[in-house]
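The next block holds one structure in the form of structure tokens; read it before the comments.
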Amino acid sequence: MKRILITGGAGFIGSNLCKRLLDEKNEVICLDNYFTGSKENIIDLLDNPYFELVRHDVTFPYYVEVDEIYNLACPASPVHYQYDPISTVKTSVSGAINMLGLAKRVNAQILQASTSEVYGDPTIHPQKESYWGNVNCVGPRSCYDEGKRCAETLFIDYHIQNNVDIKIIRIFNTYGPNMSPNDGRVVSNFIIQALTDQNITIHGNGKQTRSFQYIDDLIEGMIRMMKAEDFIGPVNIGNPNEFTILELAQKVIELTRSNSEIIFTDAQIDDPKQRCPDISLANDKLNGWKPKVQLEEGLKETIKYFKTKLE
Ligand code: NAD
Ligand code: UDP
């Protein structure tokens with residue numbers, strides 16, 4: 001039995017990961033400061049004797065004997081990471097230093113939840129891990145993008161300098177159950193708007209693209225990455241099926257049979273115009289990993305989940 005620390009464990013991805021790792025008979029410590037996460041996401045796990053909950057902020061050091069660390073703590077939705085940008089940088093950078101320091105002291109393997117945002121508004125399409133990105137360091141998204149880029153640098157340097165056993169995954173837009181109704185990202189916004197017959201708000205002309213990954217595929221990729229031998233990444237984990245935001249809005253309306261209308265609002269500053277992962281490296285290094293759940297199926301599950309939240 002392994003003891004595994006998940007920072008940001010009460011968030012969307014973290015709570016799904018807690019559940020999967022408990023199902024696989026591990027001991028799980030879920031650490032969170034509840035900035036965007038919620039106890040509701042992990043309430044069903046509280047009766048499990050192998051599950052522990054810790055209220056803590058990763059910008060402060062934390063000590064615990066563990067075998068593995070998944071470092072997920074960080075607000076991920078643009079609305080939330082831009083709310084207190086200094087805190088976002090501290091969470092990414094000081095959080096990474098604290099968790100890497102812990103991994104070094106207790107000799108734990110540590111996986112960093114990095115992001116496709118390290119590619120910024122990409123000029124190469126689809127994005128391969130070898131692409132260095134096109135990131136504005138003084139814009140509204142910089143606190144997150146540069147914070148995550150610096151965290152990757154720290155992971156690599158702790159590996160080279162201190163021999164820490166690291167893994168870096170770059171997660172592309174992921175959605176599914178346990179997203180907060182107030183998350184603010186596009187999938188949850190559109191579904192909530194559609195289910196409540198409000199206008200669907202597209203920022204800009206809706207021609208910008210994203211590639212949406214269902215949560216179960218990400219969790220499988222994360223676990224395979226932690227187990228992979230002689231491979232530290234960075235590796236893209238995402239679904240390469242690309243859609244415009246307008247197509248997403250139309251799909252959500254169709255699946256919810258909503259009366260909502262689509263409206264176009266101001267484009268957001270530095271909003272990436274296109275995003276799609278090249279997943280050949282993940283496929284090669286992670287035992288043939290590739291996403292299994294496509295958009296329509298994943299949206300149906302997510303719509304079911306949000307209906308329960310609106311009851
Ligand atoms: P989320 O906002 O639901 O979860 C983040 C969790 O971290 C929350 O529970 C929050 O309370 C916690 N947290 C934030 N700051 C903290 C701090 N200082 N100390 C302790 N806990 C803190 O978002 P998510 O989608 O679950 O994202 C999880 C991780 O995955 C993030 O690091 C994010 O950058 C990364 N990621 C997610 C996506 C995606 O599409 N969901 C894409 C790329 C990267
Ligand atoms: N978006 C939108 N309406 C919304 C929320 C987001 O049109 O209510 C757009 C946003 O401008 C971006 C895309 O959807 O082009 C994805 O946004 P999200 O916040 O989900 O994540 P991002 O990939 O930008 O970090």
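The residues of the chain are indexed from 1 along the displayed sequence. Order of listing sets the numbers, starting from 1, for every ligand and every atom in it. Note that the coordinates shown come from a computational prediction; the quantities given were computed from them, not determined experimentally.
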Going by the order shown, which atoms of ligand 1 are within less than 4.0 Å of some heavy atom of [X]?
| X | result |
| --- | --- |
| N173 | 40 (O) |
| G8 | 6 (C), 7 (O), 9 (O), 12 (C) |
| G11 | 3 (O), 4 (O), 8 (C), 9 (O) |

(message) Out of the candidates E242, Q274, H125, only one should pair with T209 under the side chain to side chain donor-acceptor pair (under 3.5 Å) rule; please name it.
(response) E242
(message) Which residue in the set R141, K148, R149 passes side chain to side chain donor-acceptor pair (under 3.5 Å) when paired with E117?
(response) R141
State, without any angle test, whether [X] and [Y] hold a side-chain donor-acceptor pair at a distance under 3.5 Å.
| X | Y | answer |
| --- | --- | --- |
| T201 | Q193 | yes |
| E261 | N199 | no |
| T36 | D183 | no |
| Y131 | T123 | yes |

One thing to verify: whether [Y] and [X] come together as a salt bridge, which I'm taking to mean a side-chain N less than 4.0 angstrom from a carboxylate O.
| X | Y | answer |
| --- | --- | --- |
| K251 | E254 | yes |
| E40 | K309 | yes |
| D67 | K2 | no |
| D165 | K104 | no |
| R20 | E24 | yes |

Can an N or O of [X] be found at a distance shorter than 3.5 Å from an N or O of ligand 1?
| X | result |
| --- | --- |
| N33 | yes |
| P75 | no |
| R185 | yes |
| S114 | no |
| V58 | yes |
| G14 | no |
| S116 | no |
| L72 | yes |
| D183 | no |
| Y144 | yes |

Which atoms of ligand 2 have any heavy atom of [X] under 4.0 Å away?
| X | value |
| --- | --- |
| N173 | 21 (O), 22 (P), 23 (O) |
| N189 | 4 (C), 5 (C), 8 (O) |
| T201 | 2 (C), 3 (N), 4 (C), 7 (O), 8 (O) |
| I202 | 7 (O) |
| E117 | 25 (O) |

Which of these, [options], has its nearest heavy atom closest to [atom]?
| atom | options | result |
| --- | --- | --- |
| atom 24 (O) of ligand 2 | R141, R185, H80, Q193 | R141 |
| atom 11 (O) of ligand 1 | D32, D57, I171 | D32 |
| atom 16 (C) of ligand 2 | K273, Q274, R210 | R210 |

(message) With a heavy-atom distance limit of 4.0 Å, tell me whether I245 approaches ligand 2 through its side chain, its backbone, both, or neither.
(response) side chain
(request) Would you mind telling me if ligand 2 is within reach of the side chain of Q208, the backbone, both or neither, using heavy atoms under 4.0 Å? (result) side chain
Return the closest protein heavy atom for [atom] as residue, atom name and distance.
| atom | value |
| --- | --- |
| atom 14 (C) of ligand 1 | C74 N, 3.5 Å |
| atom 1 (N) of ligand 2 | H203 ND1, 3.4 Å |
| atom 20 (O) of ligand 2 | V186 N, 2.8 Å |

(request) Check step by step if side-chain hydrogen bond (donor to acceptor under 3.5 Å, both in side chains) holds for N33 and R55. (result) CA-CA 5 Å; N33 71 349; R55 179 186 285 267; over 6 Å; no
(message) Tell me if a side-chain donor or acceptor on T115 pairs with a main-chain N or O of R170 at a distance below 3.5 Å.
(response) no
Considering only heavy atoms from C-beta outward, does the side chain of [X] approach that of [Y] to under 4.5 Å?
| X | Y | answer |
| --- | --- | --- |
| I215 | T302 | no |
| I168 | V235 | no |
| L195 | K307 | yes |
| P75 | T88 | yes |

(message) Could you check whether any heavy atom of T7 sits closer than 4.0 Å to an atom of ligand 1, since that is the contact criterion I want to use?
(response) no
(message) Check contact between A10 and ligand 1, using heavy atoms of the residue and a distance below 4.0 angstrom.
(response) yes
(request) Answer yes or no: does an N/O atom from D271 fall short of 3.5 Å to an N/O atom of ligand 2? (result) yes
(request) May I ask you to check whether P78 has an N/O atom sitting below 3.5 Å from an N/O atom of ligand 2? (result) no
(request) Would you mind telling me if ligand 1 is within reach of the side chain of R170, the backbone, both or neither, using heavy atoms under 4.0 Å? (result) neither
(request) Report the part of K90 (side chain from C-beta onward, or backbone N, CA, C, O) that has a heavy atom under 4.0 Å from ligand 1; answer both or neither where that applies. (result) neither
(request) Step by step, work out the side-chain hydrogen bond (donor to acceptor under 3.5 Å, both in side chains) result for S211 and N241. (result) CA-CA 5 Å; S211 307; N241 279 343; over 6 Å; no
